[in-house]
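In what follows, a single structure is set out as structure tokens and then discussed.
Per chain, numbering begins at 1; letters A, B, ... match sequence-line order.
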Number of protein chains: 2
Amino acid sequence: MSLQHGILGLLSYKSMSGYDLNKVFNESINHFWSAQLSQIYRVLGNLEDKGYVSSQVEHQEGRPDKKIYSITDEGKKEFRNWMNDNPEQLLSPIRDEFMIRIFFSSLLPKEETIFQLERYNKQAQELLKHCHSEDQVIDKYAEELSLPNDKLYWRLTLKKGKMITEALVRWSEECIEELKQAQKEHQK
Amino acid sequence: MSLQHGILGLLSYKSMSGYDLNKVFNESINHFWSAQLSQIYRVLGNLEDKGYVSSQVEHQEGRPDKKIYSITDEGKKEFRNWMNDNPEQLLSPIRDEFMIRIFFSSLLPKEETIFQLERYNKQAQELLKHCHSEDQVIDKYAEELSLPNDKLYWRLTLKKGKMITEALVRWSEECIEELKQAQKEHQK
DNA sequence: CTCCTATATATAACAAGTTATATATCAACT
DNA sequence: AGTTGATATATAACTTGTTATATATAGGAG
């Protein structure tokens, strides 16, 4: 449901091809929704079947033709309805594979767990850096699409991405310290 | 893949029925993995087909018989292999429906968004409270299963749950303040 | 001159997750 | 007496998400 509505929302800003949508997802929606290209194409097909989007083919020299999707009035209505209808449970379910690994880490030597936590920490720091660079992406899009009112909300989602990622960086650091401490205690 | 291995891990602690596994998930694995009962049953079936678990039926008076699953040597091997084989990307993809709603909130009056953020905040605080009560659950399980070495790691996953949830509480509070501020500016 | 990357769309096969439903018993509440 | 909730297992139908693959062109790196 959500990916469908995320795509409808983006198409309400601007008509785009599946390929373009994928770029927008990878560039900016990344902190709160990830999608595979193949899934985007399928969802676009579903949305067209339902009449929420329409498509026109744009011929391109030297490259495959572009299929540009536009939101229909039906689609706009559906999107508005979805926006007005918040679910009971607002927190999304969590599924974090790495935590399963940590949970059962008594099976592994502490050095191995510390090593993986260090990798985790590095990746979280990378993501945090990426988040910080997104501020400019927001400015760019807001100007390109002349949507100054949306900037505020886009920044709120980015802020959430930053805060969560900072928490992950801190968490992994504290874990590493705790495990090193536990190692020392054991050596005594 | 992860749910399968999470279940194998839990069964390596103790043989259990699908119903019991569900309770453990809801009680304690909750901060990092959520699963539906129906999915647990299906995964147990898959694991049995692969020979990773075996089941014995335990007769019960007055209630349907219990089907108790135990991990096999094959299953233990598979679980160890999985534990030793960490993926390149350790950070899990994020899919947060509420953020899609926030992203497009310029469509709605600010009061409505503030209202939903307040609901979000309340739910996050509830979850945080629940996390704090989990400390005792960890103690209980560690004693019941006599697994003192695992407690350390269980606490690390719980700590992550707490830190993330605290970040969500703070994030939603800051969002509410920002929106109220923006409302005031507009009124001037 | 070949390989890689970017542009561009799409499908097949599979894996994972959700929702609804069926069956059955017992205890507690109304 | 009837409903609800907990105990207990399971399947069907559906939706969503992942991985692999096919096709086709252009430009740049090696």
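In this structure, B:D139 pairs ionically with B:R155, as a charged nitrogen and a carboxylate oxygen lie closer than 4.0 Å.
Annotation: A:Q89, atom CD; neighbour count of heavy atoms from other residues, nucleotides and ligands within 6.0 Å is above 12. Residue A:R119 qualifies as enclosed at atom CZ: its count of foreign heavy atoms under 6.0 Å is above 12. Within 6.0 Å of NZ on A:K14 lie no more than 12 heavy atoms contributed by other residues, nucleotides or ligands.
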Residues 40-53 of chain B, side-chain donor-acceptor partners within the protein, below 3.5 Å, at least two apart:
unit_1 : atom_1 : unit_2 : atom_2 : d
B:E48  : OE2    : B:S55  : OG     : 2.6
B:K50  : NZ     : B:Q4   : OE1    : 2.8
B:Y52  : OH     : B:E78  : OE1    : 3.4

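The two atoms that bring B:Q36 and B:N22 nearest to each other are C-OD1, 4.5 Å, heavy atoms only.
Per the geometry, NZ belonging to B:K66 stands 18 Å off P belonging to C:dT25, to the nearest Å. When the P atom of D:dT9 is taken as reference, atom CD of B:Q56 falls 13 Å away, rounded to whole Å. A:I7 places its CD1 atom 16 Å from the P atom of D:dT15, with the value rounded to the nearest Å. Rounded to an integer number of Å, the gap from B:D96 CG to D:dT16 P is 17 Å. Atom CD in A:Q4 sits roughly 13 Å away from atom C1' in D:dG17 (whole-Å rounding).
With sequence neighbours left out, the salt bridge (Lys or Arg N to Asp or Glu O under 4.0 Å) criterion links A:D20 to A:K66. Residues passing the side-chain hydrogen bond (donor to acceptor under 3.5 Å, both in side chains) test with A:T113: none are found, sequence neighbours excluded.
Between the side chain of B:E112 and the backbone N or O of B:S105, no donor-acceptor pair lies under 3.5 Å.
For DNA chain C, the residues of residues 17-26 of chain A within the heavy-atom distance limit of 4.0 Å (strictly under) are A:S17, A:G18, A:Y19, sorted by number. Within residues 33-47 of chain B, the residues having any heavy atom under 4.0 Å from DNA chain D are, by residue number, B:L37, B:S38, B:Y41. Proximity of residues 74-91 of chain B to DNA chain D (heavy atom under 4.0 angstrom from any strand atom) is not detected for any residue.
Relative orientation of the A:Y120 and A:W171 rings is perpendicular, given thresholds of 30° and 60° on the angle between their planes. Ring planes of B:Y13 and A:F104: tilted class, angle from 30 to 60°.
When distances run from any side-chain atom of B:P93 to the nucleotides D:dA10, D:dT18, D:dG17, the shortest one goes to D:dT18.
The side chain of B:R95 places an N or O atom within less than 4.0 Å of a non-bridging phosphate oxygen (OP1 or OP2) of D:dT18.
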